[in-house]
Amino acid sequence: MPTDCISYQTSGYFSKLIQDYLDQKSELKPLYNNFPTLENFEKQIAEKAGNFDNSNRIPLVATLKKQYQSIEISDSTKQNIELLALENTFTITTGHQLNLFSGPLYFLYKIISTINLTKELKSKYPSYNFVPIYWMATEDHDFEEINYFNFKGKKFRWNKESNGPVGRLSTEGLDEFFEIYSLELGSSTNANTLKKLFEDAYLKHDNLADATRFLANSLFANYGLVIIDADDGDLKSAFIPYVKEELEKQTSYKAVQETIEQLKEYTVQVNPREINLFYIEDNLRERIIFEEDKYFVNNTKISFSKEQILSELENHPEKFSPNVIMRPLYQEIILPNLCYIGGGGEIAYWLELKSFFDAVKITFPMILVRNSVLLATEKQEKKANQLNLSWSDLFTKQENLINTITHKISAFPIDLTPQKEILKTQFQYLYELANQTDKSFSGAVKAQEVKQTKGLENLEKRLLKAQKRKLSDQLQRITDLQCELFPNNSLQERQSNFSEFYLEKGEQLVPLLLQKLKPLEMNFNIITI
């Protein structure tokens with residue numbers, strides 16, 4: 001297989017906004033702080049050190065120790081938790097929903113990008129400590145987005161009612177789900193490892209947050225990953241002043257609306273609400289709405305006066321949950337964070353937020369596009385070589401790929417452009433002749449040119465179609481290979497679950513990815529397993 005490099009910009013799977021951000025287009029520079037390069041971290045460290053409230057380290061460490069009480073953790077994770085108490089320790093953070101059994105493959109890539117970046121930073125800046133953080137999105141409530149995963153082309157869905165924060169959701173009923181899934185895994189050594197991992201995570205823990213923590217810890221604890229559940233009253237105590245400002249002044253709405261104006265040529269990822277907070281309980285997560293001098297919890301009978309809601313905030317900060325606009329600020333308040341690593345959609349909404357961070361005087365983190373990966377088996381790589389396909393070819397949209405290959409391998413040219421040029425030259429003479437007569441003759445010439453050009457285009461299409469039929473066996477092999485690598489004509493990392501590849505590589509899978517991925521290179525990685 002040719003070792004051609006696929007950049008994010010040329011892969012065809014990233015939005016114009018992300019491409020322009022990666023190209024550091026001048027019009028986007030007001031929307032972020034320091035672009036993520038190794039050298040720029042020196043400035044980011046200085047800014048965060050001067051802005052971060054180090055007193056927040058005490059509840060952070062205490063909360064993490066409490067959350068890790070019930071599971072066995074590695075020495076490296078234990079050490080990293082202790083290091084967070086020190087003023088020369090900073091974090092690199094990624095976040096992810098509590099997808100069942102991790103959901104799509106990019107769950108791994110986010111965390112591995114985060115771990116690898118901390119290693120690079122420690123090598124470059126040895127006087128500081130860098131801790132990789134996985135922020136579990138425990139306060140989300142869109143259960144339909146996380147209650148399934150795809151395995152070998154089949155969707156495995158957990159059917160259950162859910163209303164409140166997903167992290168508090170009971171894992172009851174997953175034993176029946178597991179019975180069905182385990183049959184698909186088979187009985188190999190790697191399959192049995194996966195079965196035990198699922199059982200220990202989901203059947204031996206009472207809620208989705210604890211199950212997900214166990215799963216991520218099992219996969220990554222040896223690399224010092226620290227997992228945080230921010231649905232916690234002690235952590236939210238530090239966030240109280242910012243929640244109060246949101247309730248009283250709606251600062252985020254005003255700031256983000258101004259930024260959206262600067263992004264009008266792009267597709268905006270999220271639109272702010274006037275109050276970007278939810279009110280939560282075990283089975284409740286609803287928006288807080290301000291109307292007629294009162295605060296209402298949407299779809300409930302709960303309401304507060306201004307004095308009452310501020311009292312509720314002081315006494316029960318755990319009941320106030322940030323939405324997608326406020327969550328990044330909460331993260332940067334409680335973590336000594338330098339950089340957030342996310343997918344294209346996440347980076348897009350972070351780009352809406354810098355003016356909000358400026359308004360509340362909190363350092364805006366670097367934002368880094370996570371590693372993207374295409375995993376190919378040796379058999380698939382061999383097929384690609386036999387078909388004389390490059391990785392760039394395989395990233396091409398299928399219809400364009402088939403047309404290009406048909407032109408390339410056809411025994412004779414099926415592009416009638418030369419004939420069209422000859423026709424154009426012939427009609428040029430007729431136009432010159434028409435100029436010596438009258439306008440009606442010019443119209444007749446134009447109509448005839450259009451008709452004959454269209455005739456050639458139709459012949460070209462029919463010729464291409466005929467060649468596709470003639471070359472159908474070879475083209476089908478190309479299509480089959482691309483469908484294997486890009487299921488549902490989408491990126492593999494957005495479709496497949498890690499367990500599909502764990503069956504092949506077992507415990508070697510994570511170390512292989514850790515070895516190959518370079519978070520600051522910003523290229524699409526193709527890895528043979």
Side-chain angles (χ1 to χ4, degrees), residues 36 38 41 60-61 64-65 67-68 71-86 88-96 98-99 101-126 128-136 190 193-194 196-197 200-201 210-229 335-343 368-373 375 493 497-499 501-502 505-521 525 527 529:
L38 201 55
F41 272 95
L60 174 63
V61 172
L64 286 168
K65 286 180 177 179
Q67 292 181 356
Y68 271 96
I71 63 173
E72 186 178 337
I73 62 173
S74 67
D75 289 341
S76 54
T77 293
K78 194 178 296 183
Q79 181 185 29
N80 277 343
I81 292 173
E82 296 291 351
L83 286 173
L84 286 167
L86 305 179
N88 67 334
T89 298
F90 297 92
T91 62
I92 305 297
T93 302
T94 192
H96 194 66
L98 305 190
N99 296 73
F101 212 36
S102 82
L105 262 169
Y106 65 77
F107 169 79
L108 267 63
Y109 308 150
K110 278 183 167 184
I111 292 177
I112 289 169
S113 299
T114 305
I115 292 168
N116 280 350
L117 182 54
T118 60
K119 291 178 183 176
E120 285 192 62
L121 290 172
K122 185 61 179 176
S123 178
K124 177 72 173 176
Y125 304 102
Y128 298 101
N129 307 305
F130 304 95
V131 174
I133 299 284
Y134 162 39
W135 180 291
M136 295 193 296
N190 290 339
T193 301
L194 286 168
K196 186 174 189 312
L197 181 59
D200 289 348
D210 290 345
T212 305
R213 183 187 296 106
F214 182 91
L215 174 65
N217 182 69
S218 298
L219 293 170
F220 297 107
N222 290 335
Y223 308 100
L225 181 68
V226 174
I227 303 157
I228 187 167
D229 176 1
L335 294 177
N337 194 50
L338 301 174
C339 177
Y340 183 80
I341 297 178
L368 175 63
V369 180
R370 63 166 172 80
N371 282 123
S372 281
V373 181
L375 297 176
E493 63 182 30
N497 181 260
F498 85 96
S499 58
F501 300 90
Y502 195 96
K505 296 299 290 185
E507 293 180 355
Q508 300 173 41
L509 179 63
V510 170
L512 175 65
L513 293 170
L514 280 156
Q515 177 193 345
K516 296 285 187 181
L517 301 188
K518 310 293 180 192
L520 294 175
E521 289 185 1
N525 298 268
I527 298 175
I529 60 171

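Values below: every heavy atom of this structure, side chains too, minus hydrogens, waters and symmetry copies. Just so you know, residue 1 is the first one in the sequence shown, and it goes up from there.
Taken to the nearest 0.5 Å, the CG atom of Leu514 stands 9.5 Å off from the CG atom of Leu509. Taking CG of Asn116 as the reference point, atom CD of Gln515 lies at 10.0 Å (rounded to 0.5 Å). To the nearest 0.5 angstrom, Ile111 atom CD1 is 6.0 Å from Tyr134 atom OH. Taking OG of Ser499 as the reference point, atom CG of Asn190 lies at 11.0 Å (rounded to 0.5 Å). Taken to the nearest 0.5 Å, the CZ atom of Phe130 stands 8.5 Å off from the CZ atom of Phe41. If you take NZ on Lys516 and CD1 on Ile529, they are separated by 12.0 Å, rounding to the nearest 0.5 Å.
Listed for the Ser74 side chain is no donor-acceptor partner under 3.5 Å among the backbone atoms of Gly224. Between the side chain of Lys110 and the backbone N or O of Gly95 there is at least one donor-acceptor pair closer than 3.5 Å. Within the 3.5 Å criterion, the main-chain N or O of Ile115 finds a donor-acceptor partner in the side chain of Thr118. Using a distance-only test at 3.5 Å, with no hydrogens or angles considered, no donor-acceptor pair links the side chain of Ser113 to the main chain of Arg370.
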Going through the distances and angles, do Tyr502 and Leu197 end up as a side-chain contact (heavy atoms from CB on, under 4.5 Å)? CA-CA 12 Å; Tyr502 195 96; Leu197 181 59; over 6 Å; no
Apply side-chain contact (heavy atoms from CB on, under 4.5 Å) to the pair Cys339 and Leu117, showing each step before the final yes or no. CA-CA 10 Å; Cys339 177; Leu117 182 54; 4.1 Å; yes
List the steps and the verdict of side-chain contact (heavy atoms from CB on, under 4.5 Å) for Phe107 and Asn99. CA-CA 9 Å; Phe107 169 79; Asn99 296 73; over 6 Å; no
Quick one: do Leu335 and Leu84 satisfy side-chain contact (heavy atoms from CB on, under 4.5 Å)? Show the steps, please. CA-CA 9 Å; Leu335 294 177; Leu84 286 167; 5.8 Å; no
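Tyr340 pairs by the ring-ring contact (aromatic ring centres under 6.0 Å, His included) definition with Trp350, not counting sequence neighbours.
Between Leu338 and Ile92, the closest side-chain pair of non-hydrogen atoms falls below 4.5 Å. In this structure, the side chains of Thr212 and Ile227 stay at 4.5 Å or more apart for every pair of heavy atoms. Proximity of Ile112 to Asn371: side-chain heavy atoms (C-beta onward) are nowhere separated by under 4.5 Å. Within the 4.5 Å cutoff, the side chain of Phe498 has heavy atoms near those of the Leu194 side chain. No side-chain heavy atom of Asn337 sits under 4.5 Å from any side-chain heavy atom of Trp135. In this structure the side chain of Tyr125 never reaches within 4.5 angstrom of the side chain of Asn88, judged on heavy atoms. Within the 4.5 Å cutoff, the side chain of Leu225 has no heavy atoms near those of the Ile133 side chain. For the pair Asn497 and Ser102, the minimum side-chain heavy-atom distance is below 4.5 Å.
When Leu108, Leu375, Leu512, Ile527 are each tested for a side-chain contact (heavy atoms from CB on, under 4.5 Å) with Phe501, only one passes: Leu375. Of the residues Asn525, Leu513, Thr114, the one that meets the side-chain contact (heavy atoms from CB on, under 4.5 Å) test with Tyr109 is Leu513.
Other residues, nucleotides and ligands place more than 12 heavy atoms under 6.0 Å from the NZ atom of Lys119. Tyr68 OH: more than 12 foreign heavy atoms inside a 6.0 Å radius. Other residues, nucleotides and ligands contribute more than 12 heavy atoms inside 6.0 Å of the NZ atom of Lys122. For Tyr106, the OH atom sits in a loose shell: 12 or fewer heavy atoms of surrounding residues, nucleotides or ligands are nearer than 6.0 Å.
Residue pairs that meet the salt bridge (Lys or Arg N to Asp or Glu O under 4.0 Å) test with at least one member in residues 210-226, sequence neighbours left out, are Asp210-Arg213.
Contact detail for Ala211 and Ala201: the closest heavy-atom pair is CB-O, 3.1 Å.
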